[in-house]
Number of protein chains: 2
Amino acid sequence: MPTKRKRVTLEDVARAAGVSAMTVSRVINHTGRISPATRQHVSEVIEQLGYRPSRAARTLVTAKTGMIGVVVPDITNPYFAEIVHGIEDVAWEAEYSVLLANTNENPAREAAVLSQLDDAAVDGLIPVSSRLPDETLLPLLKQHRAVVTINRQFPRVASCVRPRHGYGFRAYQSALYLAHAGHERIGYINLQRSLINMQIETLIERMAEHNITIRREWCATCLPTWEAGYQTGHVLLAEHPELTAIIAGNDLVALGVMRAAIELGRRIPHDLALIGGDDILLASQVTPPLTTFRVPKYEIGASAARLLFARMDGDLSYQEYLYEEEFIPRGSAP
Amino acid sequence: MPTKRKRVTLEDVARAAGVSAMTVSRVINHTGRISPATRQHVSEVIEQLGYRPSRAARTLVTAKTGMIGVVVPDITNPYFAEIVHGIEDVAWEAEYSVLLANTNENPAREAAVLSQLDDAAVDGLIPVSSRLPDETLLPLLKQHRAVVTINRQFPRVASCVRPRHGYGFRAYQSALYLAHAGHERIGYINLQRSLINMQIETLIERMAEHNITIRREWCATCLPTWEAGYQTGHVLLAEHPELTAIIAGNDLVALGVMRAAIELGRRIPHDLALIGGDDILLASQVTPPLTTFRVPKYEIGASAARLLFARMDGDLSYQEYLYEEEFIPRGSAP
DNA sequence: GAGTCAAGAGTTAGCGTTAACCCTTGCACT
DNA sequence: AGTGCAAGGGTTAACGCTAACTCTTGACTC
């Protein structure tokens, strides 16, 4: 049985240093006026006793936790991992900790996570690509002192960081690009539960305005994972061998389709052109490399964190950081 | 200026329900004996007032935070992202939150993170593939009530989850495999700061026992990232065009080397064979697909979390979960 | 009918900090 | 000498919750 070493409290330090607890508190927090001599002395005692302030006690009295919450649909998706990386770096600089929640692309779990992660648990919140509908998400965000959304917009409640055009515009641009390259039978794979992407019908209508026909049956919806893309690719290509190009909502899905296409004996891009959506590392490394849109994921995360700290500091003005998506033509759709 | 809505406290609920604070506390925590009628009534009042317990206050008195700390070298490395995924799922089941810290492969930052993340900040800790030397890491782990390490071993202090053989054995096996395939000039790229991998000299010696020569100048060390592998690959192949095979510490590095090799006009596997180390998604998707070792990343994370909860529940016996690495021969080294 | 016991509550006393206020000095200025 | 004031530091009272007791009742035992 190891000796139950008791926590060193502020009081202990105060006693040992021969000062009041408040003085020690002031030394630690660099608040109030302390003479250099006292500061020095107290610091030494703190060092010697190995005192560490209790986060919980501090939180209880200041109502600040020193933590920010980050909610992502899927941490294994490189797109989100990069964003989290950016957030974490900025949080580290600001001496904040990151409470990470992964929702596994499950809206129910996301709602549960968000209602647990209230304003008492974290000082600020960054929901990344929330999969919840506005009417569910909004009240959950309102609980919080400070929120910055990524890939969603709630001007009254949160600042926002996102690619300028979003999935919808990318799909639109991809379709135009493919049409100009001569493709006449273009399929589109929409991302399930992603609420800001272009609906299939909208894409069809908008392309019709350009006299480009996209048939409803050439389109599908799936989860934004590689496996889902792979399965959907198999199904879509089996049912519609006439397709000469497919646009996917993101890179993982596009790469899943690419694998399916290769297994079905399609040569890319000769038999099938493919366009993805966020330029993860994987996209540039496959053969042929994937045509996609570059999105500055790390910077999006970092900016969101900076905006969040601004909000937490009381700047409640609505800020919107838009990042340009850069079209990256590569081998899969030259 | 919005009305500063005050937090609903346990006391408020107690008053509204006409019972004592303790009764409410017991209802919430399902402790003690409460009559069904009282429980029902209190629950309704809680619901009605929208009461949510304060984590901080609870932590202050129970000395439990409801959080576990997870420290990873690089969340954008799919290997770690998968492990975190596993941890997060199990933590979620257990109603625990995950405090994630990313150290960016920087040992100084890792040390700083670990000393901040003391036993008052989290109830348990999972350091994943720590890059710190034993003598630095050990005292930092001792601060904690419960620790489970991944890819490191400290039997007195923490349970451990890891692949059975580790980088060293994989390098050894890869070298044997390549030698049997007829390769005589095999290079090895060691992972910098990874402390459980085989040292270059050790590999050279052990291969010498099999009459296989690996020259010191055919070996290099780099960070476990794609970029580092890419650069190292360029350098190594430029300086030693005689190499017919390269073994890398992990998949990202191997894939970086693959890219470099392709740029240098090497055909893989004909001119250069490549073997990686952890079977990330990317490995199976490149052309040719990468020969590597499958490691059950999600399961490693999930097991570690389960072991951690066991430790937190007081089971301090040393547990070691070993996962078999499965050699996956693919196109890059058939 | 006194004693026993358990169910179902209530009471008290912190947990470790900091906000907000209060108290001493010493010194400059009139 | 009296006044004013700032520097440096102390006191007190929460913050919201739960551990550990205590108290009251009614049912059951012998």
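Chain letters run A, B, ... following the sequence lines, proteins first, then strands; residues in each count from 1.
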Participant: Quick one: which of B:K64, B:R311, B:R145, B:H144 gives a side chain to side chain donor-acceptor pair (under 3.5 Å) with B:D123?
Facilitator: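 It is B:R145, the one option of B:K64, B:R311, B:R145, B:H144 that forms the side chain to side chain donor-acceptor pair (under 3.5 Å) with B:D123.
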Participant: Quick one: do B:S54 and B:R7 satisfy side chain to side chain donor-acceptor pair (under 3.5 Å)? Show the steps, please.
Facilitator: CA-CA 9 Å; B:S54 149; B:R7 162 175 263 285; 4.9 Å; no
Participant: Does B:R26 contact C:dG10 through a side-chain donor or acceptor facing the base, at a distance under 3.5 Å?
Facilitator: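 Answer is yes: a donor-acceptor pair is held.
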Participant: Of all the nucleotides listed (C:dT17, D:dG10, C:dG8), which has the minimum atom distance to the side chain of A:T23?
Facilitator: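 Nearest to the side chain of A:T23 among the choices is D:dG10.
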Participant: Take the C1' atoms of the five end pairs on each side of the helix from C:dG1-D:dC30 to C:dT30-D:dA1, get both axes, and report the angle to 10 degrees.
Facilitator: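 Both end axes considered, the difference amounts to 40°.
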Participant: In this structure, how many angstroms lie between the C1' atom of D:dC17 and the CZ atom of B:R7, rounded?
Facilitator: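 Taking CZ of B:R7 and C1' of D:dC17, I get 10 Å after rounding.
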Participant: Within this structure, what is the CE-to-C1' distance between B:M22 and D:dA19, rounded to whole angstrom?
Facilitator: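 Taking atom C1' of D:dA19 as the reference, CE of B:M22 is at 7 Å.
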Participant: Quick one: is C:dT18 close enough that its OP1 or OP2 comes under 4.0 Å of any side-chain N or O from A:S25?
Facilitator: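 For C:dT18, OP1 or OP2 has a side-chain N or O of A:S25 closer than 4.0 Å.
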Participant: What's the NE2-P distance between A:H30 and D:dG8, to the nearest Å?
Facilitator: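 Those two atoms, NE2 and P, are 15 Å apart.
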Participant: Distance check needed: C:dA9 C1' versus B:R39 CZ, whole Å only.
Facilitator: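 Atom-to-atom, B:R39 to C:dA9, this comes out as 13 Å.
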Participant: List the steps and the verdict of side-chain contact (heavy atoms from CB on, under 4.5 Å) for A:M312 and A:I68.
Facilitator: CA-CA 10 Å; A:M312 283 160 47; A:I68 63 174; 4.1 Å; yes
Participant: Over how many whole Å does the gap from A:R55 atom CZ to D:dG16 atom P extend?
Facilitator: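 Taking CZ of A:R55 and P of D:dG16, I get 20 Å after rounding.
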Participant: How far apart are the closest heavy atoms of A:L137 and A:F154, and which atoms are they?
Facilitator: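 That closest heavy-atom pairing would be CD2-CE1, 3.5 Å.
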Participant: Taking atom types as modelled and ignoring hydrogens, do the side chains of B:Y323 and B:S303 form a donor-acceptor contact shorter than 3.5 angstrom?
Facilitator: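 Result is yes, a qualifying pair exists.
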Participant: Any luck finding a side-chain donor-acceptor pair between A:Q153 and A:E320 under 3.5 Å?
Facilitator: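 Note: A:Q153 and A:E320 side chains meet the donor-acceptor criterion.
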Participant: What is the distance, rounded to the nearest whole Å, between atom CD of A:E11 and atom C1' of D:dT11?
Facilitator: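 After rounding, the reported distance stands at 12 Å.
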Participant: For DNA chain C, which residues of residues 56-67 of chain B approach it to below 4.0 angstrom with any heavy atom?
Facilitator: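 Going residue by residue through residues 56-67 of chain B, the ones with a heavy atom under 4.0 Å of DNA chain C turn out to be B:L60, B:V61.
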Participant: To the nearest Å, how far apart are A:Q40 CD and D:dG8 P?
Facilitator: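 Result: 15 Å.
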Participant: Regarding A:D74 and B:H85, is there a side-chain donor-to-acceptor distance under 3.5 Å anywhere?
Facilitator: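 No, no side-chain donor-acceptor pair sits under 3.5 Å.
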Participant: If the cut-off is 4.0 Å, is B:T38 near the phosphate of C:dA9, judged by side-chain N/O to OP1 or OP2?
Facilitator: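 Result: yes.
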Participant: Taking 4.0 Å as the cut-off, does a side-chain nitrogen or oxygen of B:T9 come that near to OP1 or OP2 on D:dC15?
Facilitator: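 Answer no for this pair, as no side-chain N or O of B:T9 is under 4.0 Å from OP1 or OP2.
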Participant: Check the distance between C:dG10's C1' and B:L10's CG and give it to me in whole angstrom.
Facilitator: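 Interatomic distance, CG of B:L10 to C1' of C:dG10: 14 Å.
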Participant: Can you tell me if CD on A:E47 sees more than 12 non-hydrogen neighbours from other groups inside 6.0 Å?
Facilitator: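 At most 12 heavy atoms, drawn from other residues, nucleotides or ligands, come within 6.0 Å of this atom.
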Participant: With under 30° as parallel and over 60° as perpendicular, where do the rings of A:F309 and A:Y96 fit, or are they tilted in between?
Facilitator: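 A:F309 vs A:Y96 ring planes: tilted.
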Participant: Under 4.0 Å from OP1 or OP2 of C:dG10: is there any side-chain N or O of B:S20 that close?
Facilitator: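 For C:dG10, OP1/OP2 do have a side-chain N/O of B:S20 under 4.0 Å.
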